[in-house]
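Notes to accompany the following structure.
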Amino acid sequence: MRKTISALSLTGLLAATALLLAPSAQATGFTYVGMYPSAAACDAAGKAYVANGQAVSYFCDVAPTTARLSIWS
């Protein structure tokens, strides 16, 4: 029973990682801008793009050690 639960947990973790690393924002019309060291840095940069009028919206694809910023202009 433990091996089954462990295998399912590992499979779920791998699937979640794949989703985090997938360029999901790219498929919806967002334009890739850059990589940031954290979700907070990505969020701050996205807000700056919106505040400066360079973007209407932004999206951060967050992974464990980086975040990818995409903007909608």
Side-chain angles (χ1 to χ4, degrees):
M1 184 72 170
R2 287 185 198 174
K3 288 183 180 181
T4 302
I5 292 172
S6 180
L8 289 174
S9 296
L10 180 59
T11 302
L13 179 62
L14 292 174
T17 301
L19 286 174
L20 287 174
L21 296 177
S24 58
Q26 300 301 322
T28 60
F30 284 79
T31 303
Y32 168 76
V33 177
M35 296 294 286
Y36 292 87
S38 68
C42 182
D43 188 53
K47 287 179 181 177
Y49 272 97
V50 172
N52 291 332
Q54 295 174 312
V56 175
S57 184
Y58 68 95
F59 182 83
C60 292
D61 282 320
V62 180
T65 59
T66 61
R68 178 177 27 199
L69 176 62
S70 300
I71 60 171
W72 183 276
S73 25

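Since the structure is predicted, the reported quantities are computational estimates derived from the model, not experimental observations.
The side-chain contact (heavy atoms from CB on, under 4.5 Å) test with L69 is passed by exactly one of Y32, F30, Y58: Y58.
Nearest heavy-atom pair, A67 versus C42, reported as atom, atom and distance to 0.1 Å: CB-CB, 3.6 Å. When every heavy atom of A55 is checked against every heavy atom of I71, the shortest pair comes out as CB-CB, 3.8 Å.
Pairs engaging residues 45-55 under the side chain to side chain donor-acceptor pair (under 3.5 Å) rule: D43-K47 [sequence neighbours left out].
Not counting sequence neighbours, A44 has no partner by the side chain to side chain contact (heavy atoms under 4.5 Å, CB included) test.
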